[in-house]
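Remarks on the structure that follows.
Numbering starts at 1 and runs along the sequence shown. Heavy atoms only: backbone and side chains are in, while hydrogens, waters and symmetry mates are out.
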Amino acid sequence: MMKKLGFAAALGAAAIISTAASASVKNDVEYLIAQMKSSDCTFVRNGTEYDNLQAAEHLQNKWEYAEDRVASTEMFINEVASKSWFTGRAYQVKCGEETQTSQQWLTERLAEKEKLN
């Protein structure tokens with residue numbers, strides 16, 4: 001009986017840790033989408049330019065679709081937010097004269113967030 005209780009307690013602790021990790025990922029994703037929303041950059045998806053609000057809405061929709069399958073913020077950036085699921089083409093971000101991939105831009109925003117914490 002004691003072994004079963006110990007196992008149940010460990011399982012419960014694992015569930016709490018898992019939920020905390022999911023909350024952390026969700027917090028990071030919400031932060032990244034907010035950064036996109038408040039950005040002055042232009043976002044390029046499959047050769048078409050979108051403003052910050054259109055890009056943030058698209059990313060929010062992709063997040064809502066994939067949320068249950070995203071295990072980490074890095075997975076979100078690399079698999080959800082950086083390329084088209086249909087064409088496989090990388091998203092681009094134009095800020096002034098500089099153009100970089102969405103993956104680079106989001107990774108930089110995440111690094112800035114981590115410096116603040």
message = I'd like to check Lys26 versus Val70 (side-chain heavy atoms, cut-off strictly below 4.5 Å). Are they in contact?
response = no
note = Between the SG atom in Cys41 and the CD atom in Glu98, the distance rounded to the nearest 0.5 Å is 8.5 Å
key: Arg109 to Tyr31, cation-pi by 6.0 Å centre distance and 45° axis angle   = no
inquiry  = Is it true that Gln35 and Glu112 share a donor-acceptor pair across their side chains at a distance under 3.5 Å?
reply    = no
query = So, Trp105 versus Tyr91, ring centres under 6.0 angstrom or not?
reply = no
query = Checking side-chain contact (heavy atoms from CB on, under 4.5 Å) against Thr73, which of Leu106, Asn27, Leu32 comes through?
reply = Leu32
inquiry  = For the CG atom of Leu110 and the NZ atom of Lys115, what is their distance to the nearest 0.5 Å?
reply    = 11.5 Å
task = Nearest 0.5 Å please: distance from the CZ atom of Arg45 over to the CG atom of Leu59.
result = 9.5 Å
ask   = Rounded to the nearest 0.5 Å, how far does CD of Glu30 lie from NZ of Lys37?
value = 10.0 Å
request  = Taking all heavy atoms of Tyr50 and all of Ala55, pick out the closest pair and write down the distance.
outcome  = CB-N, 4.3 Å
ask   = Will you find, in the side chains of Thr101 and Gln104, an N or O donor that is under 3.5 Å from an N or O acceptor?
value = yes
ask   = In Å, rounded to the nearest 0.5 Å, how long is the span from NZ of Lys62 to CZ of Phe76?
value = 8.5 Å
task = Output the distance between atom NE2 (His58) and atom CG (Leu53), rounded to the nearest 0.5 Å.
result = 14.5 Å
Please list, one pair per line, the donor and acceptor atoms closer than 3.5 Å that link side chains of residues 77-89 to other protein atoms, with sequence neighbours excluded.
{"unit_1": "Asn78", "atom_1": "OD1", "unit_2": "Gln103", "atom_2": "NE2", "d": "2.4"}
{"unit_1": "Asn78", "atom_1": "ND2", "unit_2": "Glu74", "atom_2": "O", "d": "3.1"}
{"unit_1": "Ser82", "atom_1": "OG", "unit_2": "Ile77", "atom_2": "O", "d": "2.4"}
{"unit_1": "Ser82", "atom_1": "OG", "unit_2": "Gln103", "atom_2": "N", "d": "3.4"}
{"unit_1": "Ser84", "atom_1": "OG", "unit_2": "Asn46", "atom_2": "ND2", "d": "3.4"}
{"unit_1": "Ser84", "atom_1": "OG", "unit_2": "Phe86", "atom_2": "N", "d": "3.1"}
{"unit_1": "Ser84", "atom_1": "OG", "unit_2": "Thr87", "atom_2": "N", "d": "3.1"}
{"unit_1": "Ser84", "atom_1": "OG", "unit_2": "Thr87", "atom_2": "OG1", "d": "3.3"}
{"unit_1": "Trp85", "atom_1": "NE1", "unit_2": "Glu79", "atom_2": "O", "d": "2.9"}
{"unit_1": "Thr87", "atom_1": "OG1", "unit_2": "Asn46", "atom_2": "OD1", "d": "2.6"}
{"unit_1": "Thr87", "atom_1": "OG1", "unit_2": "Arg89", "atom_2": "N", "d": "3.1"}

query = Is there a donor-acceptor pair closer than 3.5 Å between any side-chain N or O of Asn52 and the backbone N or O of Asp40?
reply = no
